[in-house]
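Numbered from 1 within each chain, the chains take letters A, B, ... in sequence-line order. A quick note: this is a predicted structure, and the numbers were derived from the prediction, not measured.
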Amino acid sequence: MSNSFDDIPFFDEEPEPAPRKAPAPPPAGNAGLGIAARAMAARDQHRAPDYLSGLNPEQREAVETLDGPVLVLAGAGTGKTRVLTTRIAHILETGRAFPSQILAVTFTNKAAREMKERIGVLVGGAVEGMPWLGTFHSIGVKLLRRHAELAGLRSDFTILDTDDVIRLIKQLIQAEGLDDKRWPARQFAGMIDTWKNKGLLPADIPEGDARAFANGKGRELYAAYQARLKTLNACDFGDLLLHPIAIFRQNPDILKDYHNRFRYILVDEYQDTNTAQYMWLRLLAQRPKGVPQNVCCVGDDDQSIYGWRGAEVDNILRFEKDFPGARVIKLERNYRSTEHILGAAGRLIAHNEGRLGKTLFTDRVNPDDEKVIVHAAWDSEEEARAVGEEIERLQRGDSDGKKHALNDMAILVRASFQMREFEDRFVTLGLNYRVIGGPRFYERMEIRDAMAYFRLVCQPADDLAFERIINTPKRGLGDTTVRYLHDYARARDIPMLQAAADIIETDELKPKARKALFDVVQSFRNWSQKLENTPHIELSEQILEESGYTDMWKNDKSAEAPGRLENLKELIRSMEAFESMRGFLEHVSLVMDAEQNEDMDAVSIMTLHSAKGLEFETVFLPGWEEGLFPHQRALDEGGRAGLEEERRLAYVGITRAKRRCHIWFVSNRRIHGLWQSTMPSRFLDELPQMHVDVAVADTNYGGYGGGRGGYGQSRFDKADPFANTYSTPGWKRAQQNKTDATRDNWGTRSGHAVERIGYGESGPRSRTIEGELVAKSTTETPSQFSVGDRVFHIKFGNGNIAAIEGNKLTIDFDRAGQKRVLEGFVERV
DNA sequence: TGTTGGTCGGTTTTT
DNA sequence: CCGACCAACA
């Protein structure tokens with residue numbers, strides 16, 4: 001069957017687009033001093049081009065320093081994207097390079113899309129001429145399609161998603177005769193990912209890593225995985241970077257071609273690059289001595305929040321070493337936030353060591369600007385309720401007479417489980433919200449199934465797609481048949497679809513299975529033939545109809561079925577934007593997200609991680625408690641570095657706010673089903689008092705607790721409401737360790753609306769302070785309580801102990817019903 | 001082949 | 001405590 005890839009143009013077959021306004025093509029060989037001089041002259045003599053006006057001096061320097069390496073340290077809200085896009089426009093307008101000679105790399109597809117749009121606006125018109133603007137991965141695919149054979153692949157290779165990868169690894173683990181329960185495929189997929197992020201091939205992985213998995217067979221398993229990918233004519237995401245790196249290293253002539261091609265290289269979000277990306281970049285950016293390395297990296301070390309998935313902040317920290325003579329430009333003038341927000345964020349991030357050091361400032365100071373407000377709530381339910389009320393207040397315009405749009409507000413959480421409470425609350429309030437992130441369109445089961453059909457039509461060797469849909473819908477081709485097919489194919493080193501075609505010629509299978517398989521094979525033959533001459537939309541619909549896939553969902557009576565059918569329609573609709581089925585598949589494998597509905601006015605709820613790069617008038621930051629934020633695991637696993645990354649996350653959160661930033665913490669949170677008392681986040685102590693207000697009693701204290709010790713005014717009555725809470729060993733140590741860093745905080749902390757419920761002496765909840773673990777001490781000491789004891793709990797009131805397991809008590813409360821709580825939080829009455 | 005019960009884990013996510 | 005996922009069943 002023909003499997004040509006003619007519809008994907010290779011770069012050197014594209015006609016060179018003429019520069020839009022540039023008078024002459026770039027001079028070959030030298031760095032174009034003549035043009036530079038002319039551009040400078042043009043700038044000095046005439047009015048600067050429109051696109052340069054309105055840039056501040058630093059931005060302008062970043063745009064106009066075209067020769068040699070440049071590092072732009074762009075703080076939050078300092079116009080980073082503007083610099084990047086204007087710089088590209090400037091390169092084009094001064095005729096220094098054709099659009100196809102600029103390599104511009106982003107991390108997300110969204111960023112790439114936005115950059116394209118904005119360059120289009122600046123240069124006036126479409127930017128189709130920028131074929132090398134994209135994510136590391138999409139550019140990687142392009143390179144790899146061009147040189148696939150050098151990586152042992154054909155140019156029509158498939159890109160596997162995580163789901164495929166896990167299934168494949170599982171097969172390999174089982175094939176090795178290993179227990180896939182003991183050695184989970186998911187975990188190994190994670191290990192491979194980590195290795196590939198570091199640019200490590202099977203031969204390169206540390207011996208320790210290799211031994212740590214699959215009875216010491218880690219390395220073999222990784223090698224087997226790579227081999228299997230090759231036979232499948234497939235690669236995973238990591239390979240999109242690693243294969244090009246290997247190709248460049250082994251073929252200096254090819255690398256040289258690209259050196260000649262890419263006159264200018266730009267990298268966005270440089271602080272998020274991992275080692276593999278760094279290696280890739282260095283290969284492309286390096287130049288013989290004397291030839292300027294026109295590489296411009298833009299980033300912010302203070303916003304590096306992806307260390308846990310392999311990003312190396314170090315890449316940005318050592319830029320000047322890597323590219324000698326680099327010009328380093330700091331953008332510190334912030335156009336987004338009020339002085340209070342910048343002041344709070346700046347003081348917080350100053351607690352990190354090992355930063356390049358920037359201080360954001362603004363001179364648009366307004367005495368009416370609200371300080372950052374810290375609120376205390378009793379528990380997460382009250383937190384959600386109070387945030388909901390604040391949102392409604394803003395919406396109505398109570399406080400300042402202005403009615404605020406929900407679109408201008410966001411709730412940024414540390415962990416996604418926090419979202420639920422807000423969603424619940426907003427549903428009851430009838431408040432529109434949208435969750436950003438979460439499960440994505442192309443990850444839905446029905447979409448993946450449909451895509452598997454399309455993949456198999458385009459790429460008959462895609463065994464993973466074959467196995468996914470061969471019995472979906474049910475065709476009576478169960479495990480036994482599939483395994484037989486699998487073994488048959490592996491033994492002869494042919495694709496399973498081919499194996500199926502062979503087998504139906506024999507009488508190996510039972511008549512029923514044979515008939516079913518025959519039908520499927522026929523169908524695929526039919527569809528593959530139509531691939532070249534039938535419009536892809538029509539063919540796709542046909543495939544889903546004829547395969548019985550849509551019928552399967554039509555006959556499904558479950559509640560989700562109609563939604564799934566709707567998604568399938570949406571899938572077909574989204575294909576219209578593409579020229580061919582292959583083009584569509586490529587897009588989807590790289591761009592996993594679908595557009596969000598922006599029309600509705602709604603509050604956004606998302607994690608801090610997905611908020612990077614966004615901005616909102618008002619930002620709510622709930623859950624600032626030790627253990628949650630900074631997250632306990634970040635501290636346990638990352639120590640000081642982990643803490644600093646958490647702090648950067650907090651910095652990212654605060655700097656998302658343009659005008660209003662409300663931070664919340666609660667005293668009680670249910671973690672793994674147990675009610676736990678929590679301490680306010682240390683980050684709160686790191687905020688400067690002069691930019692922060694503490695909201696006093698701004699919530700309705702409903703709930704339990706009745707009578708005695710109830711949550712209300714009384715909690716402020718105590719001479720020192722922190723006496724109990726802050727008597728844990730960890731806290732004491734933190735007090736001793738206090739440096740000048742905390743001196744400018746809120747001093748005595750007493751006006752602070754908090755009370756803890758730690759009655760018992762340092763309960764079972766010691767924490768980590770400054771990266772030092774004070775163990776999550778669950779030391780099993782015999783309980784001081786017995787079943788039947790009458791006890792009091794500050795949240796739930798009085799009750800009787802029904803059961804005791806270690807330090808966990810099950811208590812029948814008079815008013816709150818049965819709850820499980822840690823014994824440190826109750827006292828005998 | 002679909003249901004059920006039992007176990008395990010429970011931060012962040014792109015491509 | 002709750003949900004996802006997997007193995008054992010009817």
- Summary of protein contacts for nucleotides 5-10 of chain C, nucleotide by nucleotide, where a base hit scores B, a sugar-phosphate-only hit scores S (4.0 Å, heavy atoms): -S----

- Message: Taking the minimum atom-to-atom distance to the side chain of A:Ala415, which one of B:dT1, B:dT13, B:dT11 wins?
- Response: B:dT11

- Please report, rounded to the nearest Å, how far the P atom of B:dT13 is from the CD atom of A:Glu443. 12 Å

- Task: Spell out, as yes or no, whether a donor-acceptor pair under 3.5 Å connects the side chain of A:Ser304 to the backbone of A:Asp301.
- Result: no

- Message: Go nucleotide by nucleotide along DNA chain B from the 5' end; which of A:Ser138 and A:Glu637 gets its closest nucleotide reached first?
- Response: A:Glu637

- Applying ring pair (Phe, Tyr, Trp, His ring centres under 6.0 Å) between A:Phe188 and each of A:Trp183, A:Tyr222, A:Phe213, report the one that passes. A:Phe213

- Note on the structure: The single option from A:Phe629, A:Trp664, A:Phe665 that satisfies ring pair (Phe, Tyr, Trp, His ring centres under 6.0 Å) with A:Trp624 is A:Phe629

- Message: Output the rounded distance in Å from CD (A:Glu644) to P (B:dT12).
- Response: 22 Å

- Rounded to whole Å, CG of A:Leu614 lies from P of B:dT13 at a distance of 13 Å

- Message: Give the dot-bracket line for DNA chain B from 5' end to 3' end: parentheses for intra-strand Watson-Crick or G-U pairs under 3.5 Å, square brackets for crossings, | for inter-strand pairing, dots for unpaired.
- Response: ||||||||||.....

- Query: How far, in whole Å, is B:dT12 from C:dC5 if one measures between their P atoms?
  - Reply: 15 Å

- Report the distance from atom OH of A:Tyr306 to atom C1' of B:dT15, rounded to the nearest whole Å. 12 Å

- Message: Between A:Glu423 and A:Arg420 (salt bridge meaning N to carboxylate O under 4.0 Å), is one present in this structure?
- Response: no

- Query: Would you call A:Arg448 and A:Asp161 a salt bridge, using N to O less than 4.0 angstrom?
  - Reply: yes

- Item | Nearest-angstrom distance, P atom, C:dC2 to B:dT13 | 24 Å

- Got a second to check how far A:Arg309's CZ is from A:Asn197's CG, nearest 0.5 Å? 8.5 Å

- Measure from the side chain of A:Lys474, starting at C-beta and using heavy atoms only, and say which of B:dT11, B:dT14, B:dT1 lies closest. B:dT1

- Picking from B:dT11, B:dT15, B:dT13, which would you name as closest to the side chain of A:His631? B:dT11

- CD1/A:Ile247 to CG/A:Leu242 distance, rounded to the nearest 0.5 angstrom? 11.0 Å

- Task: For A:Gln676 and C:dC1, give me the distance from atom CD to atom P, rounded to whole Å.
- Result: 14 Å

- Item | Atom-to-atom span, CD1 of A:Ile166 to P of C:dA4 - whole angstrom | 16 Å

- To the nearest angstrom, how far is A:Trp308 atom CH2 from B:dT15 atom P? 12 Å

- Message: Under 4.0 Å from OP1 or OP2 of B:dT15: is there any side-chain N or O of A:Arg309 that close?
- Response: no

- Message: Any salt bridge linking A:Arg669 with A:Glu383? Criterion: basic side-chain nitrogen under 4.0 Å from a carboxylate oxygen.
- Response: yes

- Query: Counting side-chain heavy atoms from C-beta on, which of B:dT12, B:dT11, B:dT15 comes nearest to A:His609?
  - Reply: B:dT12

- Item | Atom-pair distance (CD1 on A:Ile139; P on B:dT15), nearest Å | 13 Å

- Item | Of the listed nucleotides B:dT11, C:dG3, B:dT1, the one nearest the side chain of A:Arg420 | C:dG3

- Judged by nearest nucleotide, the residue sitting upstream toward the 5' end of DNA chain B, A:Ser589 or A:Gly476, is A:Gly476

- Message: B:dT13, OP1 or OP2 - any side-chain N/O from A:Thr607 closer than 4.0 Å?
- Response: yes

- Has A:Asn109 got a side-chain N or O lying under 4.0 Å from the OP1 or OP2 atom of B:dT15? yes

- Spacing of CG belonging to A:Asp236 relative to CG belonging to A:Asp193, to within rounding of 0.5 Å: 8.0 Å

- Message: What I'd like to find out is whether the side chain of A:Phe237 reaches to under 4.5 Å of the side chain of A:Val165, using heavy atoms alone.
- Response: no

